[in-house]
Amino acid sequence: MALKVLTANRLSDGIAVWLGADGSWQETIDEAFVARHEAALTGLQDAEKVAAFDIQVVDVTLVDVEERDGHLYPLRLRERIRAAGPTVRLDLGKQAETLADDAAAIAA
Amino acid sequence: MYRYDEFDHAFVRERVEQYRDQVDRRVSGEITEDQFKPLRLMNGVYLQLHAYMLRVAVPYGTLSSTQMRRLAHIARVYDRGYGHFTTRQNIQYNWPKLVDTPKILEELAEVEMHAIQTSGNCIRNVTADHFAGVAADEVADPRPYAEILRQWSSVHPEFSFLPRKFKIAVTGAERDRAAIQTHDIGLHLKKNDAGELGFAVYIGGGQGRTPMVAKLIREFLPESELLSYTTAILRVYNLFGRRDNKYKARIKILVHETGTEELTAQIEAEWEKLRAGELALPDADIAAITSYFAMPNLPERSEGWALLAAEKKRYALFAAWVQQNVTAHKNPDYGVVTISLKPIGGIPGDASDVQMDLIADIAEAYSHDEIRVTHEQNLVLPHVALADLKAVYDRLAGAELATANNNLITDIIACPGLDYCALANARSIPVAQEISNRFGSAERQLEIGELKIKISGCINACGHHHVGHIGILGVEKKGAELYQITLGGSADNETSIGEIVGRGFEPEKITDAIETVVDTYLGLRTSPEETFIQAYRRVGAQPFKTALYGEPAKAA
Ligand code: HEM
Ligand code: SF4
């Protein structure tokens, strides 16, 4: 079975988010809860149905991912771009925020 | 420029308040997304991959400096410091927060702008020739008619829920720069033998998954009948346009399925009931609107002739820019400047807040406070004295805004594609950037001459690929991006839809393929004067297919 995560856009600002293990919406894909077997997938599908009524998010969908170098890597390019930001503006989106975090971590 | 009256101001302000209330109710959970989505769309708010997107209308592409400064301010305060000028003469912001959008719309309303009817199955922003009012080859300024259509179509109760979106374009010049034959209605202003103004009327043009060139249904419609005839067209479409299948819902399909002759007869019959009725436009009303668009008082600046000649001799880069990006103005002491939003390797149509502010300042100082947005994703300063061209050029050049590539191979149209758009199958912008870098040398571009490349990231064709001399369509095949090439499209007086040449190319091969097409053209043109599209029309697709795929027997 392909690994799956649940994603959505946050209602208030439209930013891409992923459902974390604690049931809250996270801003980076690496914080997502990963369904690795059928039981977990059923749980995620239930969460998807519930999220349709969650006023924090819109456009809830399950996406296929795999693990690469300790990171989650969506199988579709569309989802990779959602997870990172525009490929033509590396200074924008999640990729910029993560880079900034890395830079801050290195500086610290 | 047109100025809002009391009614316009009150109407737009009221709309903002309604929308603010709708957003509040959505955020508090009082209404669902299904209930809210059509409401936000009616105010130009989409959801894309990374965030919301706000599309702001620039009616017939005309902006004042004050409005441009406000667009810059919105980019700076509510977005990420830039905006994207589109093929529909709109501007799109890619990162607004939903909760900020009522405030943004309020700030836009203060400068007489809004996002109404930039989405949904209604009559969209009416587009016009970006050189309207200044082009030397113009019969009359199309903008007063676009403005009349805008007023008439704004929240028109009968036409707010059409089978599908509806796009109208107007041009007033001999040479069509508004791509009118790719619109649901295209209007070509002209004079009849008696010297009266009227329109040639085209209907049923469109791009998307079923591209069609519009059909001429009336040679001459008197200007006073603009609204009665448009109403007749829309009424017939509203009644008979298909609502069972959104891919067959545009008027082009109705024209195609009914037949031009039969549909024209229905429209003319409907018009018989309407003409000379209350929709007939009195001359006084047309004159009143036209007066808003009067040519500004341009002082005599004949010193520019000699000055310009001398400066061109002295500064080669400036001379090249004048040659490519400055067009004749009705007044011989002035020129029309195209500001390229296509720096080599840049993102077509994007402008930063700093650039927008600078352009506003330049327009205020040198272009009678006026700016235009073109459907080719560039900006225009319509009234620059020849004597001021060098000063304007220097200021533009300091902000990467003086690329001398108007109408050349690097003046590429590209939709946002998969970098932003939720409907996309493939990216458009990186393809444009790579082609731009490959052909970036000024000499090479000039050698190639006029050549329009247009790129869309899916079959919706927002990037006009069907009418590119070279069109590129991004598709998804087995999870990867693939690019199809079409050749021979054009969006001028002889509008044509490009032909798909063969199987698609992977992202890393598409630029080479374009280079093969260009080199093939250079090898077969009869002289440097024969443009790509002329050569293509002479020889057809075969030499290009052979160059791309080998001899016919081997071609896939
Ligand atoms: C959120 C982003 C966008 C969405 C959802 C969107 C959606 C669509 C759709 C569904 C169509 C096909 C209509 C049909 O075939 O009936 C279309 C056509 C078109 N769009 Fe977009 N679009 C987007 C962005 C843009 C942008 C950025 C531009 C300008 C650069 C643009 C300009 C056009 C044009 C010129 C057409 C083809 C003309 C026609 O309607 O036949 N759109 N768009
Ligand atoms: S052509 Fe497709 S990918 Fe490009 S903006 Fe339109 S809908 Fe999006």
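Values reported hereafter were calculated over all heavy atoms of this structure, with side chains retained and with hydrogens, waters and symmetry mates removed. A note on names: the letters A, B, ... follow the listed sequences, proteins ahead of strands, and every chain is numbered from 1.
Annotation for Glu66(A): atom CD counts as buried by contact number, over 12 foreign heavy atoms lying within 6.0 Å.
Contacts between residues 69-79 of chain A and chain B, defined by a heavy-atom separation under 4.5 Å, are made by Arg76(A), Leu77(A), Arg78(A). Interface residues of residues 8-17 of chain A toward chain B, defined by a heavy-atom distance below 4.5 Å and sorted by number: Asn9(A), Arg10(A), Leu11(A), Ser12(A), Asp13(A), Gly14(A), Ile15(A), Ala16(A).
With a 4.5 angstrom heavy-atom cutoff, Val88(A) touches chain B via backbone and side-chain atoms both. With a 4.5 Å cut-off on non-hydrogen atoms, Leu418(B) touches chain A through its backbone and its side chain both. For Tyr52(B), the parts lying under 4.5 angstrom from a heavy atom of chain A are both the backbone and the side chain. Contact of Arg26(B) with chain A is made through backbone and side chain together, with heavy-atom distances under 4.5 Å. For Asp91(A), no part lies under 4.5 angstrom from a heavy atom of chain B. Residue Thr101(B): no heavy atom, backbone or side chain, is found under 4.5 Å from chain A.
Within the 4.5 Å cutoff, no side-chain heavy atoms of Lys37(B) are placed close to those of Val58(A).
Options Asn94(B), Val99(B), Asn425(B), Thr32(B) differ in how many heavy-atom pairs under 4.5 Å they form with chain A, and the most are formed by Val99(B). The residue among Gln433(B), Glu481(B), Arg427(B) with the most heavy atom pairs within less than 4.5 Å of chain A is Arg427(B). Per-residue counts of heavy-atom pairs under 4.5 Å with chain A were compared for Pro430(B), Ala426(B), Gly479(B); the largest is that of Pro430(B).
One finds the NE2 atom of His50(B) at 9.0 Å from the CG atom of Leu92(A) (value rounded to the nearest 0.5 Å). The CD atom of Glu33(B) sits 12.0 Å away from the CG atom of Asp54(A) when rounded to the nearest 0.5 Å.
Across Asp419(B), Ile429(B), Ile347(B), a single residue satisfies side chain to side chain contact (heavy atoms under 4.5 Å, CB included) together with Arg89(A), and that is Ile347(B).
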